[in-house]
**Q** 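Just dropping this structure here.
Every chain is numbered from 1, with letters handed out A, B, ... down the list of sequences.
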Protein chains: 2
Amino acid sequence: MSLDGQLPPKLRLLRAAAELLAKSAGAPVSTRQITQLAGVSAPTLYHHFGDKEGLFDAVVAAGFEEYVAGERDFAPSGQPLEDIRRMWDNHVQFGLNQPELYLVMFGNIRPESRPAIVADAEALMEEMLNKAAAAGQLNVQPREAARSILAANVGVTLMLIAEPAAERNLELSTMTRDAMIFAVSAEPASGPAPGGAGKSSVVVAAIALNAALQASHSDQLSSSELKLFLEWLHRISTTPAG
Amino acid sequence: MSLDGQLPPKLRLLRAAAELLAKSAGAPVSTRQITQLAGVSAPTLYHHFGDKEGLFDAVVAAGFEEYVAGERDFAPSGQPLEDIRRMWDNHVQFGLNQPELYLVMFGNIRPESRPAIVADAEALMEEMLNKAAAAGQLNVQPREAARSILAANVGVTLMLIAEPAAERNLELSTMTRDAMIFAVSAEPASGPAPGGAGKSSVVVAAIALNAALQASHSDQLSSSELKLFLEWLHRISTTPAG
DNA sequence: TAGCACCTATAGCGTTGCTATATGAACTGA
DNA sequence: TCAGTTCATATAGCAACGCTATAGGTGCTA
């Protein structure tokens, strides 16, 4: 009943913890279970991870690396908004494949514990949205769009996890996904919308230029000029213009 | 250090558990802490609630009643979509006011434990969306819209809870809220438009912004600022960058 | 071979969730 | 009026929990 004895104890502990967590269905996993499955004695756990929480943090960190790897795994399609869709779907799939890990990562977040994971996930999505902004496809700041989309993505994934697997309807995901992308994208070009969606072309262009400048290291302006320029650009792109 | 001795022990246990949970910051709350604060002995807890989990389920149920009461508390404005906005804001505020309770209710949801709460919350929102649908303001089925909006609402609330209180930016909430409502509302009458072919660079973006600025009479910059801004914009857009 | 980190194990502490059992109070029916 | 019954609380204690004081073994460098 123990994991292969050839791997180093630290790794065996990690795997045992991850395995028991995945099977736990929310019930607490004891250190004794973990160390027994790993074929190791109690103090070894505390030597390597300091804490039960330290061990679980390490499991979460490993899970997050897997998540990031999945989010980067596909080649950019050249259509940034399409790539955002794939990031979204990938996120949902990760959550459904490893629900317990996901619940620890995104369901149990507290200010004092793990905001770093959220920040990293946001950065990942913002990176992709920068490309959309550079292509003039965004009508809000990439950072705000990333935070908003990720929040909805997390909410949808949690809801799907909460449903019995048999009843899961992924339309909830695709519908919410497209609604969010639709709302932040510059494309629709229809009449002004309530609540600030549908910005003027000045804002769209300013956001696109801002993103393009961030990515290109233009040297046409001195650093002090650039600083002031970006400040004005920000002013233009954050407040609706006539 | 014990709660008023006049209330029945069952109620005292409930309040003690809720109070300790709220202060716990995620750390586990022991039954001994609870029973001591309630001024009661261990078996009393098990007599009334069977289980530690049973007690916490009761706390959650009470919290949910409070949530529902809050969601019903305001008079319908006659504009269903406006009422949805208020429901959304109310939901977020509930989560920020009682983060620990909220995390148990919506952050730790598993198929085998509490989908009932989600179903009830969805029903609450669907009820309101039915009015919008009856007024011809909805793009999709009320049930699907309710599920989608609630999912985003939960995601946003969790993200805000995860942030240190000082850094919380409620714009994330209003932006996501309006994006979701915009997407499900019948007003725009145009479908999502996946990625356009606008491949862009700093130069193209600068030119686009320049043209947009000329046409829009933005007043975000003073005239002297604008003059310098346009000059820099010209410099950027006439010489290839990066 | 001596010394020294590093890693792991034995044994056990204090606390946890929970319960077997007993005691008291309140109601019932004759 | 009072035994019988039911409900509610308390005493005391069990097995399992997270964690640690201490010590022993291993492989390096000198």
**Q** Measure the distance from CD on B:Gln36 to P on C:dT15 and round it to the nearest whole Å.
**A**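 Answer to the nearest Å: 12 Å.
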**Q** Any luck finding a side-chain donor-acceptor pair between B:Gln79 and B:Gln137 under 3.5 Å?
**A**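 No pair is found: no donor N or O on one side chain lies under 3.5 Å from an acceptor on the other.
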**Q** To the closest 0.5 Å, what do you measure between CD1 (A:Ile149) and CE (A:Met125)?
**A**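 One finds 6.0 Å between CD1 of A:Ile149 and CE of A:Met125.
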**Q** Could you state the NZ-C1' distance from B:Lys52 to C:dT16, rounded to the nearest angstrom?
**A**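 Atom-to-atom, B:Lys52 to C:dT16, this comes out as 8 Å.
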**Q** Tell me: CZ of A:Phe56 to P of D:dC19, nearest whole Å?
**A**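 A:Phe56 atom CZ is separated from D:dC19 atom P by 10 Å.
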**Q** In terms of ring plane angle, is the pair B:His91 and B:Phe106 parallel, tilted or perpendicular, where the classes change at 30° and 60°?
**A**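 The rings of B:His91 and B:Phe106 sit tilted, inter-plane angle from 30° to 60°.
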**Q** What pairs of nitrogen or oxygen atoms, one from the protein and one from nucleotides 22-27 of chain C, lie under 3.5 Å apart?
**A**
none

**Q** Between P on C:dT16 and CG on B:Leu55, what's the gap in Å once rounded to a whole number?
**A**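 These atoms are roughly 15 Å apart.
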**Q** Calculate the interatomic distance between B:Phe49 atom CZ and C:dG17 atom P; express it in whole Å.
**A**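 After rounding, the gap between these two atoms is 15 Å.
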**Q** For nucleotides 3-14 of chain C, just jot down a letter per nucleotide in 5' to 3' order: B, S or -, based on protein non-hydrogen atoms under 4.0 Å.
**A** ----SBBB----
**Q** Could you check whether A:Lys52 makes a cation-pi contact with A:Tyr46, meaning its NZ or CZ is under 6.0 Å from the centre of the six-membered ring and within 45° of the ring axis?
**A**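 A:Lys52 over A:Tyr46 ring: no.
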**Q** Which heavy-atom pair separates A:Leu103 from B:Gly107 by the least distance, and what is that distance?
**A**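 Scanning both residues completely, I find the closest heavy atoms to be CD2-O, 3.7 Å.
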**Q** Please determine whether a side-chain nitrogen or oxygen atom of A:Ser30 lies at a distance below 4.0 Å from atom OP1 or OP2 of D:dA16.
**A**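 No.
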**Q** Once you round it to whole Å, what is the distance between P of C:dG17 and CG of B:Leu13?
**A**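 The answer, rounded to whole Å, is 13 Å.
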**Q** Should A:Tyr46 be listed as having a side-chain N or O under 4.0 Å from OP1 or OP2 of D:dT20?
**A**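 No.
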**Q** Rounded to the nearest angstrom, tell me the gap between atom CG in A:Leu45 and atom P in D:dT20.
**A**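 Taking CG of A:Leu45 and P of D:dT20, I get 11 Å after rounding.
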**Q** Please check if atom CZ in A:Arg168 has more than 12 non-hydrogen atoms from other residues, nucleotides or ligands closer than 6.0 Å.
**A**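 Counting neighbours around CZ of A:Arg168, more than 12 heavy atoms of other residues, nucleotides or ligands fall under 6.0 Å, so yes.
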**Q** In whole angstrom, what separates B:Asp51's CG from C:dG17's C1'?
**A**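 Checked: the CG to C1' distance equals 9 Å.
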**Q** Under the side chain to side chain contact (heavy atoms under 4.5 Å, CB included) criterion, do B:Ile161 and B:Leu96 qualify, and how do the steps go?
**A** CA-CA 6 Å; B:Ile161 288 177; B:Leu96 293 183; 3.9 Å; yes
**Q** With a 4.0 Å cut-off on N to O distance, would you call A:Arg15 and A:Glu19 a salt bridge?
**A**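 No salt bridge links A:Arg15 with A:Glu19.
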**Q** Looking at side-chain heavy atoms only, is the closest gap between A:Val68 and A:Glu65 below 4.5 Å?
**A**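 No, too far: nothing below the 4.5 Å cut-off.
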